[in-house]
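Report on the structure given below.
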Amino acid sequence: TEILARIVRAFGGPLETLRTAPWEYRPHPVWARHDALLRSAIYSADLPWQVGTAALTVGIESLVPTMIEPLFRASVRNYGVSSEDARWLESRSGEEERQHGENGYALLAEFVPHGDRTLQSQCLFYIDQLSASMAYGLLESGRGAE
């Protein structure tokens, strides 16, 4: 958590609130919606585990490297964040994160039957929702904070 704390501090985020009273921190509404979607896919007793896998690994993890690489580079080049402070971002922009997304595709290919249209629809719904939330909502909320 110390590496993440460095990047929050470097961007002027509410580090003290996050450390001392995290329950008082109010994220941007887009982040709250993203979190609610992810939790509903992963923790719902009504959805199969494949839906959580689809949401997390394909809907989110497959996009992480593509989104974080430019953020990492820009934070160092344009915003004066040191490479040391940006190390957490750098760790999210590489091959390890890319593999998380690939693992999700492999799991779904193996464990979502071709004839199970209901399960396929549930997986696709959460992949679409979480991907849209990551690619549009979270990026837009960050742009709005500039």
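Positions are given from 1, in the same order as the sequence printed here. Quick caveat, the model's predicted, so the values are computed rather than measured.
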Are Asn78 and Arg73 close enough that some pair of their side-chain heavy atoms sits under 4.5 Å apart? no
I'd like to know whether Leu130 forms a side chain to side chain contact (heavy atoms under 4.5 Å, CB included) with His34, so could you lay out the CA-CA distance, the side-chain angles of the two residues, the decisive distance to 0.1 Å, and finally the verdict. CA-CA 7 Å; Leu130 271 296; His34 181 81; 3.4 Å; yes
Minimum heavy-atom distance Glu97-Glu61, with the two atoms named: OE1-OE1, 2.7 Å
In terms of heavy-atom contacts, Gln120 and Val112 come closest through CG-CG1, 3.7 Å
Any chance you could measure Asp116, atom CG, to Phe111, atom CZ, to the nearest 0.5 Å? 14.0 Å
The reported gap from OG in Ser133 to CG in Leu38 (rounded to nearest 0.5 angstrom) is 9.0 Å
Heavy-atom neighbours of Gln99 CD exceed 12 at 6.0 Å: yes
Can you get from Ile60 to Tyr43 by hopping between Ile, Leu, Val, Met, Phe, Trp and Tyr side chains that sit under 4.5 Å apart? yes
Over all atoms of both residues, closest heavy-atom pair of Val64 and Arg92: CG1-O, 3.3 Å
For Val58 versus Gly104, what's the shortest heavy-atom pair and its separation? CG2-C, 3.9 Å
Which heavy atom of Glu69 sits nearest a heavy atom of Ser93, and at what distance? OE1-OG, 3.0 Å
Under the criterion side chain to side chain contact (heavy atoms under 4.5 Å, CB included), which of Leu37, Ile42, Asp35 is the partner of Arg39? Asp35
Report yes if some heavy atom in the side chain of Leu63 is under 4.5 Å from a heavy atom in the side chain of Ser131; otherwise report no. yes
Any luck finding a side-chain donor-acceptor pair between Arg33 and Gln129 under 3.5 Å? yes
Would you kindly confirm whether Leu124 and Tyr105 end up in one hydrophobic cluster when ILVMFWY residues are joined by side chain heavy atoms under 4.5 Å apart? no
Can we say Arg98 and Glu95 salt-bridge, meaning some charged N sits less than 4.0 Å from an Asp/Glu carboxylate O? yes
Name the one of Thr53, Leu108, Leu47 that satisfies side chain to side chain contact (heavy atoms under 4.5 Å, CB included) with Cys123? Leu108
Which value, rounded to the nearest 0.5 Å, describes the distance between Ser62 atom OG and Ile127 atom CD1? 8.0 Å
Distance col, row Tyr126:OH vs Ser121:OG, nearest 0.5 angstrom, shows 12.5 Å
If you look at every heavy atom in Ala55 and Ala41, which pair is closest and at what distance? CB-CB, 3.6 Å
Taking the side chain as every heavy atom from C-beta outward, state whether Leu107 and Thr57 have any pair of such atoms under 4.5 Å apart. no
Verify salt bridge (Lys or Arg N to Asp or Glu O under 4.0 Å) between Arg87 and Glu84, making sure each step is shown before the conclusion. CA-CA 5 Å; Arg87 186 173 295 152; Glu84 178 70 21; 2.6 Å; yes
